[in-house]
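Reckoned from all heavy atoms, side chains included, excluding hydrogens, waters and symmetry mates. Within every chain, numbering begins at 1; the chains are lettered A, B, ... in the order of the sequence lines, protein sequences first and strands thereafter.
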Amino acid sequence: MAKRYWLMKSEEDVYSIRDLEREGTTTWEGVRNYEARNLMRDHMRVGDGVLFYHSNANPPGVAGLATVSRAGYPDHFAFDRGSRYHDPKSDPDEPRWFMVDLAFQEAFPEVVSLERIKAMPELGQMALLDRARLSVQPVSKEEFQLIRKMGRRRKDGR
DNA sequence: GCCAACGTTGGC
DNA sequence: GCCAACGTTGGC
């Protein structure tokens with residue numbers, strides 16, 4: 001199956017690309033939006049490319065790359081009464097929420113800011129721009145490759 | 001910290 | 001099934 005591409009948001013001060021770099025892999029629990037849930041449960045596959053986006057950051061933007069290292073599986077944090085992600089409506093026999101695991105790939109030398117993304121006509125169709133509150137979203141191969149190229153090159157050309 | 005967008009909940 | 005109230009997200 002062809003590799004797919006995604007953009008996933010994390011609040012920078014909660015979990016950043018540097019945290020992922022240090023840990024190597026992470027679990028992506030806590031997504032509580034059905035559209036995002038469906039993407040993780042039904043469409044994300046091991047090896048898919050991920051743009052790691054920092055929200056609530058200065059500036060907000062894509063901070064690096066990750067890959068999907070485990071496809072969708074039940075978000076067991078929802079069953080844990082002590083977790084901030086506990087959801088009494090999710091049950092192990094019929095889990096409501098799903099998660100994936102990510103592996104670190106690279107941190108960009110400089111964040112590709114939302115402002116720069118908005119300024120690129122080729123990126124005008126990204127869900128990021130009109131589905132601002134969707135934290136897991138599909139990205140085309142062309143969008144992924146362009147942002148990767150922008151991220152690997154510093155603005156000053158070095 | 002503000003507030004617009006937007007998804008969810010719950011009364012009817 | 002409608003829709004107002006409410007909660008959350010996330011840019012600014």
Starting from the C-alpha separation in whole Å, work towards a yes-or-no answer on side chain to side chain contact (heavy atoms under 4.5 Å, CB included) for A/D101 and A/T25.
CA-CA 7 Å; A/D101 292 352; A/T25 63; 5.8 Å; no
Side chain to side chain contact (heavy atoms under 4.5 Å, CB included) between A/M120 and A/E143: does it pass, once the steps are laid out?
CA-CA 10 Å; A/M120 298 283 289; A/E143 290 161 348; over 6 Å; no
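Note that the first and last nucleotides of DNA chain B, 5' to 3', having any atom under 4.0 angstrom from a heavy atom of chain A are B/dA4 to B/dT9.
Put simply, the side chain of A/S83 gets close to the backbone of A/Y85: a donor and an acceptor are under 3.5 Å apart.
The cationic group of A/R148 does not satisfy the cation-pi geometry with A/F144, failing either the under 6.0 Å distance to the six-membered ring centre or the 45° limit from the ring axis.
Residue A/R133 is the one, among A/R32 and A/R133, whose nearest nucleotide of DNA chain B lies closer to the 5' end (criterion: closest heavy atom). Residues A/K89 and A/N56 both approach DNA chain B. Their nearest nucleotides, taken by heavy-atom distance, put A/N56 toward the 5′ side.
The residue A/D130 sits close only to the backbone: its heavy atoms come under 4.0 Å of sugar-phosphate atoms, none of a base.
Just one residue in the list A/L51, A/V50, A/L102, A/I147 forms a side-chain contact (heavy atoms from CB on, under 4.5 Å) with A/L65, and that residue is A/L51.
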